[in-house]
Amino acid sequence: MKSVLKSLANSIFLVLFIIFSSSTPLVLAQCEAETKTNGCHNYRESMKLKIIAIVAILLSSMIGVRLPLFSGQVPLLKPDRDLFTIVKAFSSGVILATGYMHVLPDSFNDLMSGCLPENPWRKFPFTTFVAMLSAVLTLMVDSFAMSVYKKRCGKALMADANNGGGLENTNIVPIDNFEHGHSHSLEMNDDVSSQLLRHRVIAQVLELGIVVHSVVIGLAMGASGNQCTIRSLIAALCFHQMFEGMGLGGCILQAEYEIKMKAIMVFFFSATTPLGIVLGIGLSKVYSETSPTSLMVVGLLNACSAGLLNYMALVDLLAADFLGPKLQTNMKLQAWSYVAVLLGAGFMSLMAKWA
């Protein structure tokens, strides 16, 4: 638990340090002028809207990520029920659309900006290249984590078998089949433990990608002085955080963490965007969205986040469920799950019009 907490905290501080250190006054004059010509810059009005945004986004984030965690108290929404599978499919569609329709286009806009030198930024597709590397890196983390666990677990099971562990169940296993029954029991325990570990890896890596993106969008909103933009972003980001929180909350629920760990992960998800807004307000004098260095840093971070989210949504969430035995043996449930995925992706894609 401490390692997870440290990795999340370190990732947030790293993102903030990079952006803060890149927020120098080195701003191209024409780019800076373009952002102040539309008559929508009013400091007092924008500050009021930012305070409203902090409260509204915090509440919507908490509601979204907590809803799946409370579903365990509702019989129809327990993880082994069909309704939970459909809700999870909806949330997976939301996360998929977040990567493709929100984070990836933002990265393209930043790295293809006219405020950056044409060479190399408009000569090479850095966004898709970094997103591809991020997806491969996520696969490596996923794969190595499972390999290390299985290696350690296999040694532990062998030691337990050699020491006579699990013999308390021999009274229900026939003598001539004891060795086979004991081996089968160990394999079952190993499968359950491996599945649980996989759910935990998914929850942690998914939260990491969401946290990076949340800090970036919060910082951009906090540093913006355009109340016209902020006003349209508030409602869109509230829905964005709520739906995204539902997807993360479902993963946290399946990871079967203790209450303390659940609370930590809920806090990190809920607080990162408001924290980004607060820091953006504090850095508004030195941070500029059109600064070349800021565009490069934020664009590359968004590309990394997009690759991670797209991999997690397609491989660890959608493929794992749709190619699993539950949906493969129930065509009706599979069809409804596809409808839920399309609805989730559709709603989140619609949000891209405003945020």
OG/Ser113 to CG/Asn109 distance, rounded to the nearest 0.5 angstrom?
8.5 Å
Residue pair Val215, Leu275: steps toward the side-chain contact (heavy atoms from CB on, under 4.5 Å) verdict:
CA-CA 7 Å; Val215 172; Leu275 176 63; 5.9 Å; no
For Phe124, does the CZ atom have more than 12 heavy-atom neighbours from other residues, nucleotides or ligands under 6.0 Å away?
yes
All heavy atoms of Ala89 vs all of Ser337, minimum pair found to be CB-O, 3.5 Å
Could you tell me whether the side chain of Asn330 reaches within less than 4.5 Å of the side chain of Asp82, counting heavy atoms only?
yes
In the single-linkage hydrophobic clustering (I, L, V, M, F, W, Y; side-chain heavy atoms under 4.5 Å), do Val341 and Leu333 co-cluster?
yes
Less than 6.0 angstrom separating the ring centers of Phe347 and Phe239, yes or no?
no
Has the side chain of Arg122 got a donor or acceptor atom that lies under 3.5 Å from a matching backbone atom of Leu116?
yes
Can you name the closest pair of heavy atoms from Cys251 and Leu317 and give their distance?
SG-CD2, 3.5 Å
Answer yes if Met246 and Leu58 sit in the same cluster of Ile, Leu, Val, Met, Phe, Trp and Tyr residues linked by side chain heavy atoms under 4.5 Å apart, and no otherwise.
no
Find the distance between CD1 (Ile252) and CD1 (Ile202) and round it off to the nearest 0.5 Å.
12.5 Å
The reported gap from NE2 in His199 to CD in Gln204 (rounded to nearest 0.5 angstrom) is 13.0 Å
If you round to the nearest 0.5 Å, how far is OG of Ser91 from CD1 of Ile86?
12.0 Å
Under 4.5 Å between side-chain heavy atoms, counting indirect links through other Ile/Leu/Val/Met/Phe/Trp/Tyr residues: same cluster for Leu133 and Val130 or not?
yes
Minimum heavy-atom separation for Pro68 and Leu253, please, with both atom names.
O-CD2, 3.3 Å
Quick one: are His240 and Val94 in side-chain contact, heavy atoms under 4.5 Å?
no
Less than 4.5 Å apart, any side-chain heavy atom of Tyr311 and any of Val136?
no
Using only atom types and a distance under 3.5 Å, with no angle test, would you say the side chain of Ser214 pairs donor to acceptor with the backbone of Ile210?
yes
Contact between Val212 and Cys304 at the side-chain level, heavy atoms closer than 4.5 Å - yes or no?
no
Same cluster for Leu49 and Leu59 if Ile/Leu/Val/Met/Phe/Trp/Tyr side chains link at under 4.5 Å?
no
Between Trp121 and the options Asp110, Leu111, Leu295, the side-chain contact (heavy atoms from CB on, under 4.5 Å) test singles out Leu111
With side-chain contact (heavy atoms from CB on, under 4.5 Å) as the test, would you mind laying out the steps for Leu309 and Met312 before giving the verdict?
CA-CA 5 Å; Leu309 291 175; Met312 296 298 295; 5.7 Å; no
I'd like to know whether NZ of Lys48 has more than 12 heavy-atom contacts from other residues, nucleotides or ligands below 6.0 angstrom.
no
Smallest separation among heavy atoms of Gln241 and Ser60, with atom names:
CB-OG, 4.3 Å
Heavy-atom donor-acceptor pair, His102 side chain to Met348 backbone, under 3.5 Å:
yes
Rounded to the nearest 0.5 Å, how far does CD1 of Ile217 lie from NE2 of His213?
4.0 Å
How long is the span from the CG atom in Leu83 to the CH2 atom in Trp336, to the nearest 0.5 Å?
11.5 Å
List the atom of Met221, the atom of Lys50, and the distance in Å for their closest heavy-atom pair.
O-CE, 3.5 Å
For Asn310 and Ala306, indicate whether the former's side chain and the latter's backbone hold a donor-acceptor pair under 3.5 Å.
yes
Any side-chain heavy atom of Ile57 sitting closer than 4.5 Å to one from Ile277?
yes
Quick one: does Arg200's side chain have a donor or acceptor within less than 3.5 Å of a partner on Glu256's backbone?
yes
Side-chain heavy atoms of Thr273 within contact of Ile54, under 4.5 Å:
no
Would Leu248 end up clustered with Met62 when hydrophobic side chains under 4.5 Å apart are linked, directly or stepwise?
no
Correct closest heavy-atom pair for Ser134 and Leu308 would be OG-N, 3.4 Å
Starting from the C-alpha separation in whole Å, work towards a yes-or-no answer on side-chain contact (heavy atoms from CB on, under 4.5 Å) for Asn302 and Phe108.
CA-CA 9 Å; Asn302 276 333; Phe108 272 115; over 6 Å; no
Determine yes or no for a side-chain-to-main-chain donor-acceptor pair under 3.5 angstrom, with Ser305 supplying the side chain and Gly209 the backbone.
yes
Which label fits Phe90 and Phe243: parallel for a plane angle under 30°, tilted from 30 to 60°, or perpendicular past 60°?
perpendicular
So, Ser107 side chain and Leu104 main chain: donor-acceptor pair closer than 3.5 Å or not?
no
After noting the C-alpha distance and the side-chain angles of Arg198 and Asp142, does the key distance pass the side-chain contact (heavy atoms from CB on, under 4.5 Å) rule?
CA-CA 8 Å; Arg198 183 162 183 79; Asp142 203 357; 3.3 Å; yes
Below 4.5 Å, heavy atoms only, C-beta onward: do Leu67 and Met242 meet side chain to side chain?
no
Where the side chain of Glu244 meets the backbone of Ile95, is there a donor-acceptor pair that is under 3.5 Å apart?
no
Within a strict 4.5 Å, meaning less than it, do heavy atoms of the Leu327 and Asp321 side chains meet?
yes
